[in-house]
Protein chains: 2
Amino acid sequence: MRILIVEDDAVLRDGLKVGLAISGFTADAVESCEEANAVLKNHAFDALVLDLMLPDGSGLDVLKSMRERRDDTPVLLLTARDGVADRIAGLDTGADDYLGKPFDLDEVAARLRALVRRAGGRSRTVLEWRHLRLDPSAQLVERGGEPVRLSRREYSILHVLMAHPGRVLSKRQIEEKLYGWQEEVESNAVEVHIHHLRSKLGPGLIETVRGIGYRLGEEA
Amino acid sequence: MRILIVEDDAVLRDGLKVGLAISGFTADAVESCEEANAVLKNHAFDALVLDLMLPDGSGLDVLKSMRERRDDTPVLLLTARDGVADRIAGLDTGADDYLGKPFDLDEVAARLRALVRRAGGRSRTVLEWRHLRLDPSAQLVERGGEPVRLSRREYSILHVLMAHPGRVLSKRQIEEKLYGWQEEVESNAVEVHIHHLRSKLGPGLIETVRGIGYRLGEEA
DNA sequence: ATCAGGCTTAAGGCAGACTTAAGGATGGCA
DNA sequence: TGCCATCCTTAAGTCTGCCTTAAGCCTGAT
């Protein structure tokens, strides 16, 4: 899950980035409206954490221009402690949620999970497919009731696949969900993780579509 | 816009009902889990405002049983002022949003608008013809409900044909869809792929128009 | 009957995927 | 701080399935 943080305060920004990473997200960060606009035009994120007060303008303007170009990426606004007016304005501009400062990192993560889930048209957090269960809030995977130990990368890949069961995802798409800008990968890492996933989950689950990518297959 | 309010406190309940009515919603109200469950099974609402603390149980249980029966109606939770744990649990159970008490009526309305807007609209572009189904997002082809394994080229050819059922496409046109500029082909590759397609999909589907090209035939 | 276009089949090459292993990074723990 | 376990990336080698090519056969049209 790829998140963009727009926040000028360095302490908050880094805190968010690390906190979200612990919760299993991949977070990139920028610190101004201008940067945010530039980046958003070229990259897709699963969600946005957007501060309202930025050095070169209001986060609302970023939000507004996103919505004007039909970018429906879910947005979580960060507002002042009691800015009710801001919040209402934000929601009506097209924000999906807000959080007053100071905030709890776990709560940010939970709200992001809810946003992403809702954007995907799902109402349940727990993903299920065949005899697999994946619980994002606990970062837990079960296979037929038995817990399976997955590393972070393995978990992330399975998460992406289970979010779109049946759909083919290219290695490129998977990489984009796993890696931020500073950590682009130049190898067959995804293939290797897929290999490990298969050996842990059993065969017949993750199908290869040659030349295209991977998907969770329809049947045994 | 039809809203169901689940709230045991009479003052709050009536306040919400009136407030939402002013904002243009039509609100119904019940005051217990039991009533809520009964009503929800028989009526569809555009959204739900759900208190967590109810006389006969937790709103979370109402929420959970809704989601279990695949009721995806958007839910706005009402929680205690600082019940962070409740909120996280709520979101992860499948709530779409929450609001801490005390709340601002305008804000409730704004959040409901946002929820309902989010819940609407999503579509897919699946091609269908006779008993064939081709789903571009899944790169998946079904024949009478049974998935068919096609290679990349085969899939591409079928895709082009199904995009224009009944229309005759020349080998030249098909090649143009399959190959980039650098990789022109000097052989009967298309014929070979058509052959494989016919053997996988069964006869009578892809017609040859001698000297012209191929098409999906009109009838059996 | 002839011929051009289409069909069928098989083989070879190759790109993409799999497997395995090693080395480095990271984080926990003493 | 230093050690250990775990995980991640890289890279090299192997494997596999797809695609193209080509050759010969079939079929419909003239």
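In what follows, chains carry the letters A, B, and so on, assigned in the order in which the sequence lines appear, proteins first and then strands, with residues in each chain numbered from 1.
- A donor-acceptor contact under 3.5 Å links the side chain of A/Arg210 to the base of C/dA15.
- Distances from the side chain of B/Thr208 to the nucleotides D/dT9, C/dC7, D/dC19 place C/dC7 closest.
- Of the candidates A/Arg117, A/His159, A/Arg133, A/His159 is the only one forming a side-chain contact (heavy atoms from CB on, under 4.5 Å) with A/Leu127.
- Look at A/Arg198 and you won't find any side-chain N or O under 4.0 angstrom from OP1 or OP2 of C/dT19.
- Using a 4.0 Å heavy-atom criterion, one finds that B/Glu154 contacts no nucleic acid atom at all.
- With distances taken from any side-chain atom of A/Glu191 to the nucleotides C/dT20, C/dA17, D/dT21, the minimum falls on C/dA17.
- For the pair B/Leu197 CG and C/dC7 P, the computed distance is 12 Å after rounding to whole Å.
- For the pair B/Lys171 and C/dG6, the criterion of a side-chain N or O lying under 4.0 Å from OP1 or OP2 is met.
- Across D/dC7, D/dT9, D/dA23, the shortest atom-to-atom separation from the side chain of B/Asn188 is found for D/dA23.
- Between D/dT9 and A/Arg153, a contact under 4.0 Å exists linking OP1 or OP2 to a side-chain N or O.
- Within the structure, a side-chain polar atom (N or O) of A/Tyr179 is placed less than 4.0 Å from OP1 or OP2 of D/dT9.
- Rounded to whole Å, atom P of D/dC18 lies 12 Å from atom CD1 of A/Ile212.
- Rounded to whole Å, atom C1' of D/dT20 lies 12 Å from atom CD of B/Glu175.
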Subject >> Worked verdict on A/Asp97 versus A/Leu112 for side-chain contact (heavy atoms from CB on, under 4.5 Å) >> reply: CA-CA 9 Å; A/Asp97 203 347; A/Leu112 284 175; over 6 Å; no
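- Counting non-hydrogen atoms under 4.0 angstrom, A/Tyr214 reaches the backbone sugars and phosphates but no base.
- When the P atom of D/dT6 is taken as reference, atom NE2 of A/His196 falls 14 Å away, rounded to whole Å.
- Listed for the A/Ser187 side chain is a donor-acceptor partner under 3.5 Å among the backbone atoms of A/Ala189.
- Considering only side-chain N and O atoms, B/His193 lies under 4.0 angstrom from the phosphate OP1 or OP2 of D/dT20.
- Although no hydrogens or angles enter the test, the distance criterion places a donor-acceptor pair under 3.5 Å between the side chain of A/Asp46 and the main chain of A/Arg2.
- Salt-bridge annotation for A/Arg67 and A/Asp96: present, with a side-chain N of the basic residue lying under 4.0 Å from a carboxylate O of the acidic one.
- One interatomic measurement links the two molecules: CZ of B/Arg149 to P of D/dT16, which rounds to 15 Å at whole-angstrom precision.
- For B/Ser151, taking side-chain heavy atoms from C-beta onward, the closest of the listed nucleotides D/dC19, D/dT20, D/dT9 is D/dC19.
- Proximity note for B/Val192 (side chain, C-beta onward) versus C/dT8, D/dC8, D/dC18: the nearest is C/dT8.
- Formation of a donor-acceptor pair under 3.5 Å by the A/Ser170 side chain with backbone atoms of A/Gly213 is not found in this model.
- A/Tyr155 has its OH atom 14 Å from the P atom of D/dC8, to the nearest Å.
- Spacing between atom CD of B/Glu207 and atom P of D/dT27 amounts to 18 Å, rounded to whole angstrom units.
- Put simply, B/His195 has no side-chain N or O that comes within less than 4.0 Å of OP1 or OP2 on C/dC7.
- We find that CD1 of A/Ile194 is positioned 15 Å from C1' of D/dC8, with the value rounded to whole Å.
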